[in-house]
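Hydrogens, waters and symmetry mates play no part in the numbers below; they use all other heavy atoms, side chains included. One-based numbering, in listed order, for ligands and for the atoms of each. These numbers were taken from a predicted model, which means no experiment stands behind them.
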Amino acid sequence: MSFEELRDQDKKYISNTYNRFAVDLAYGEGATLYSQDGKRYVDFGSGIAVNTFGANDAQWKQAVVEQLNKIQHASNLYYTQPQAQLAHMLCEKTGAKKVFFSNSGAEANECAIKAARKYSFDKYGKGRYQIITLKNSFHGRTIATLSATGQDVMHRYFMPFLEGFEYADPTLEGIVSKCSDFTCAVMLELVQGEGGVQPLDVNEVKKIETFCKENDLLLVIDEVQTGNGRTGKLYAYEYYGIQPDIVSTAKGLAGGLPLGATLFFDKCENVFRAGDHGSTFGGNPIACAGACSILSRLTKDLLLEVQGKSAYLFTHLSRIRNVHSVSGLGLMIGLETSKPARDVAEKCLEKGLIVLTAKNKIRLLPPLTIKKEEMDFAIQVLNEVISE
Ligand SMILES: *Cc1c(COP(=O)(O)O)cnc(C)c1O
């Protein structure tokens, strides 16, 4: 099928929810991808922070295929080795006590919301159900996670939304002003991804943590995008020196397969009992085998490499003329320029560089294994497009 035929079929048969870029990605290796017609691209998107080690990674593929050769799915009525192994790894690496597996970021957050409300119900009875999230946040596309998302543009059409969410400024004062006797949890992204690659202030986050502890509010950290090495730590909360009660993650966890995880720390380890929550596909053995392979390689050394690459990109990107600011953490980087972000992304694509946007910013989320030559290519293309 030619690209034009593909585009026509997509338009005819696929629901119009995506404003796609004009390329059909067909194969690749690491951060170098090719369209069906053989044009080469350097990938600074990783399928939105999903392909942690890029395309076609040999070690990851071996783990996935090995599991595929055994059994592809068993359901959660039975035990499977990869799921238990992955839960063990996640708990060992983070200090979490228990894990619930799902298939996506939204589901990982749904689980976190249910767990926070159940924790409060068990301890305080009915009525303490409110969750404070942040203005400009993004937590997913289901009705509950849209309700948790603090952006008005997300709250058109699909009402009524779920009750019990308040949107605060990302400061202690902001949280306190929204807090009431009905509050059970505070949920936040430490670097707002979709909201424009905005890191929260470390001191404010620490103060919020203290406030949560004093008032027995669960601190839920949405690490769907920031997790799994993306920021140069295994999870971004490590930078902030805080101890969350619940962490949700997904995107990069399984290196390209759909998998969500909700991590429960001490307070809410036993909040769920049999029947309280579940998922047919969640914790699928193939996805879990992929995730075990990814996690086993997110070593201290690899994370240090990510930090080094991040510093290199921050330095060179901030020198580009017409770049007003460079924000983010690790290999999650936002560029503010005076040009419309979508135009910049389309021009980059024409020149063989895949970048993303977030609000008015260019968003860069390369595979963690991005090479120096690939970074230099990206810097050069961004320089051409932005400074022209
Ligand atoms: C992408 C994202 C989600 C939603 O994840 P899906 O897998 O698309 O459901 C939730 N929270 C954050 C912070 C995200 O970046």
Self-check item: Side chain, backbone, both or neither: the part of N109 lying under 4.0 Å from ligand 1 by heavy atom
Solution: side chain

Quiz item: Atoms of ligand 1 less than 4.0 Å from Q225 heavy atoms?
Solution: 15 (O)

Quiz item: Which one holds for E189 and ligand 1: side chain close, backbone close, both close, or neither close, with close meaning a heavy atom under 4.0 Å?
Solution: side chain

Exercise. Measure from NZ or CZ of R230 to the centre of the six-membered ring of Y239, then state whether that distance is under 6.0 Å and the direction lies within 45° of the axis.
Key: no

Self-check item: A106, portion touching ligand 1 at heavy-atom distance under 4.0 Å
Solution: both

Exercise. Please determine which of L218, I221, V220 meets the side chain to side chain contact (heavy atoms under 4.5 Å, CB included) test together with P244.
Key: I221

Quiz prompt | From D222, I221, T142, T226 - option closest to atom 13 (C) of ligand 1 by heavy atom | solution = D222

Quiz prompt | For atom 5 (O) of ligand 1, closest protein heavy-atom neighbour | solution = G105 CA, 3.3 Å

Self-check item: Under 3.5 Å: N/O of G140 near N/O of ligand 1
Solution: no

Quiz item: Within the distance-only criterion (no hydrogens, no angle test), does the side chain of K98 pair as donor or acceptor with the backbone N or O of E269 below 3.5 angstrom?
Solution: no

Self-check item: Sub-4.0 Å atoms of ligand 1 with respect to non-hydrogen atoms of H139
Solution: 10 (C), 11 (N)

Exercise. Scan the protein's non-hydrogen atoms and note whether one is under 4.0 Å from atom 11 (N) of ligand 1.
Key: yes

Quiz item: Going by the atom numbers of ligand 1, which of them fall below 4.0 Å from some non-hydrogen atom of K251?
Solution: 1 (C), 2 (C), 3 (C), 14 (C), 15 (O)

Practice problem: Report yes or no: do D10 and Y18 form a side-chain donor-acceptor pair below 3.5 Å? | Solution: no

Quiz prompt | Non-neighbouring partners of S120 that pass side chain to side chain donor-acceptor pair (under 3.5 Å), sequence neighbours left out | solution = R128

Quiz item: Salt bridge check: are D343 and K347 linked by an N-O gap of less than 4.0 Å?
Solution: no

Quiz item: In terms of atom number and element, which parts of ligand 1 are under 4.0 angstrom from non-hydrogen atoms of S104?
Solution: 7 (O), 9 (O)

Practice problem: Could I get the full list of side chain to side chain donor-acceptor pair (under 3.5 Å) partners for D169, not counting sequence neighbours? | Solution: K135

Quiz item: What's the verdict on ring-ring contact (aromatic ring centres under 6.0 Å, His included) for H139 and F165, showing C-alpha distance, side-chain angles and the deciding distance?
Solution: CA-CA 12 Å; H139 297 295; F165 291 94; 8.6 Å; no

